[in-house]
Every structure is written in structure tokens, then in C-alpha cells.
Amino acid sequence: MALHPPSTLRRLFVEAATRKFARNVPDFVRLQKLVADNGGTFLNDHGAIRTADPAVRALFVRAARVLGLRRELDYSFPSKKLVSFDLQAVGDDAHQFKIFVSQVDLDAYPADVAALIREDCLEQIAAADHGRFVELIQQAERTGSLGAADAEAFVTHFVERLMSRPGPALKRSTLQAVAAVSGEAASALALGPDFNHVTIDVTAAGFPGIEAMAAAMAAQGFRLLPAIQGAPGTKLRQTATMAATMDTPVREADGSAGMAQTEKQFVEIIERGQAHDADGAPLWAQDGRPLVFRNFLAANAEKIFDAASTKVAGMDGGSC
């Protein structure tokens, strides 16, 4: 029986998560076509999730280790009420797929709003059954690989069940209360721990730089953030589309089903430059090539967060 090591499991995960993302985000499909028409290659630099549930975060990190991804650097976003970290493949290859995980910082919320978030998390936990998934994780932790059938079951559960809201719809009152404190956290609750964005590598896409790719996207009608994050020549430059306003099922005060307008998923483009050490000196790989920066910059990410932020205005069904 063929065994799938972490690198293979990671590839299968990225393929499945990318297909799921494409089902929900038309801009992503359009951007894939733009890259193909440009003669470039689609390289998914990273995906990002947001979650309010520490238990979900812990299970996500444990499952990501099966994919060969380990927790590396921490990032803090006090104005967004989020704390984050990246999950990276071991080694210096900046082109390996990564995951950026953001946790809603419940300690930064008013006690009554934090209680509403915790209530929603408990409802989702009660509806989830991750028993078999945990067994597969344990198996991979013991052996370092999974057989083909187990690998398929692991990846399917990871993408379709862990990265979802398995329980009842979010209460409209909770969505409103959270959005009044943090639009990013409101979007996180509305979406669940799915990828809120995936990121296309500019160079692999066949563009000479991020300005050229952003201009090509704008010419095709993509709505982009107002500025590119990161100055020319720096180690990380990125921008993103604005998340489309989407219908999101909610529960009304009387228990009936309703619909709210939220912004949840978008597409990012990224240009990675040479890494530097703490003294600002450029870093080089063992073969003499520039060592490409593979982590993230909090100042950049804070602006990227603005691409999916659900505001209080429009919670009655208008634009938000």
C-alpha cells in the first residue's frame, strides 16, 4: 500500500482547499484565468483562516503538523482584536505553501460580547464530530504518513468539516455586537475557520512585479485595496481584492432564519523579496542565491485584513 508522507498530504490538502475556495469566490476563478492568459503558473503562496475558538485553533495546528507545517512566528493586531501566527514547512524554501492563522482575542472584548462569541463557539463544537479525524491525526503522528484511503479521508474532513461552521447559523444579534467591536472578527464568525483568502505569487504568475499584476487586475475590473503594502525593493509586498458582499444565513431574535450581508473571502497577490537579518544585512541561501523572505509583516497584514471586514452598517440587509 502506497504511503503518503507530509509533502504529499500537503499537496492533496492544497488542491482540495483550492477547489473549495474556487466554488465560493468568483474572483479567484477569474484571477486563475488571468494568470493562465498571461502564460504564468498558479502558485498558492498561502491561505489564511480566522477563528474565535481556541479548541478549533489547536486542532487545526495539530492537523497542519500532519501536513508538515509547524508554528513559527507570532503577530499581534490590537486594533483588529486579533492575534496571529504562521504555519510553515521546515526549511528555507519560501515557495512552500503556508497558512496564516488568526485567533479572535477574546480578552480584548467587552465581557458581554466575548460571552456571545463563546456561546457561538460552543454551539459549533456541539455540532461537530472530529473523532475519526483525530484518530487519523494520531496515526500520522505515530508513523509519519497515511495510506491512500486514510489520506483521502483526512484531507476531506480537514477541508470540508474542520474548515467550516458545522452548527446552527450565527445569531444576527451576535454578528451585530461583534461587528461593532471588530469587523474582522465579525467576518471570521460569519465564515467559520475556512480560508478567508488565498494568495497568488506574482512572479510565478508571469508578471515583472506586483504593480504590473495589480494594473492588469484593475483593467479586468477587480476591486483592489487602495494601496500596495510594502515599498518597492522590500522583502514583502502584497495587495488584495475587496471581499464581495455575500448573503450569510443568520438566526433572528424570534428563532427564524434570516440573511445578513457580510464580507468574508477575497484573493491576495504577493511579491516576496530577499530576506535580511536583524542588522539589515541581506541573507543568502547555501547555494549563493538570495534567501527569499518566507514569513509575514504585521504592518502589511493589518491593511490586508481590511479586505474582509463586516461593518455594523448594513446588518439590516443593506451593503456593509
Side-chain angles (χ1 to χ4, degrees), residues 6 9-10 12-14 16-17 20 46-78 80-90 97-109 113-146 150-151 153-168 170 174 178 182 184-185 187-197 295-296 298 301 305:
L9 294 171
R10 185 165 65 250
L12 295 173
F13 169 83
V14 173
K20 179 185 177 185
H46 70 273
I49 72 161
R50 301 171 186 169
T51 179
D53 191 337
V56 169
R57 179 200 62 194
L59 183 56
F60 192 99
V61 170
R62 189 177 177 189
R65 282 198 291 266
V66 175
L67 305 177
L69 299 174
R70 61 178 176 83
R71 183 167 174 170
E72 194 160 279
L73 299 184
D74 293 334
Y75 310 84
S76 180
F77 305 96
K80 307 297 188 183
K81 306 293 191 294
L82 298 170
V83 290
S84 307
F85 56 86
D86 57 359
L87 299 172
Q88 296 269 357
V90 175
F97 178 77
K98 316 152 196 70
I99 302 176
F100 193 79
V101 178
S102 295
Q103 169 81 42
V104 175
D105 185 5
L106 292 175
D107 291 338
Y109 280 76
V113 179
L116 294 174
I117 296 173
R118 290 189 176 98
E119 177 187 45
D120 182 70
C121 290
L122 289 173
E123 288 183 333
Q124 301 309 306
I125 289 174
D129 180 3
H130 299 307
R132 177 56 180 156
F133 186 57
V134 171
E135 290 176 357
L136 291 170
I137 292 173
Q138 292 171 334
Q139 180 180 331
E141 289 171 340
R142 290 192 303 269
T143 65
S145 61
L146 291 173
D150 286 340
F154 169 80
V155 168
T156 298
H157 190 107
F158 200 161
V159 172
E160 298 294 342
R161 300 186 67 182
L162 180 59
M163 295 172 62
S164 71
R165 283 183 57 91
L170 183 64
T174 298
V178 175
S182 168
E184 291 76 18
S187 291
L189 289 183
L191 178 62
D194 199 357
F195 282 152
N196 65 69
H197 73 267
N295 296 103
F296 300 88
F305 282 142

Could you point out which residue of D120, D53, D194 forms a salt bridge (Lys or Arg N to Asp or Glu O under 4.0 Å) with R165?
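Single salt bridge (Lys or Arg N to Asp or Glu O under 4.0 Å) partner of R165 among D120, D53, D194: D120.
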Which residues pass the side chain to side chain donor-acceptor pair (under 3.5 Å) test with R65, sequence neighbours left out?
none
Do the side chain of [X] and the main chain of [Y] share a donor and acceptor less than 3.5 angstrom apart?
| X | Y | value |
| --- | --- | --- |
| S182 | K80 | yes |
| Q88 | F97 | no |
| R50 | S102 | no |
| Q103 | L82 | no |
| K81 | A185 | no |

How many angstroms lie between atom [atom1] of [X] and atom [atom2] of [Y], to the nearest 0.5 angstrom?
| X | Y | atom1 | atom2 | answer |
| --- | --- | --- | --- | --- |
| L73 | S84 | CG | OG | 12.0 Å |
| I117 | Y109 | CD1 | OH | 5.0 Å |
| L191 | L170 | CG | CG | 11.5 Å |

Go through the structure and list residues passing ring-ring contact (aromatic ring centres under 6.0 Å, His included) with Y75, not counting sequence neighbours.
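Expected list: F100.
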Closest approach of [X] to [Y] (non-hydrogen atoms, all atoms of both residues):
| X | Y | answer |
| --- | --- | --- |
| A55 | I125 | CB-CD1, 4.5 Å |
| V155 | A16 | CG1-CB, 3.7 Å |
| F154 | L136 | N-CD1, 3.7 Å |

Side chains of E72 and K98 in contact at under 4.5 Å (non-hydrogen atoms)
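Side chain of E72 against side chain of K98, heavy atoms only: no contact under 4.5 Å found.
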Assess whether side-chain contact (heavy atoms from CB on, under 4.5 Å) is satisfied between R57 and T51, documenting all intermediate values.
CA-CA 7 Å; R57 179 200 62 194; T51 179; 4.0 Å; yes
Determine, for R132 against D129, whether the closest basic-nitrogen to carboxylate-oxygen distance falls under 4.0 angstrom.
no
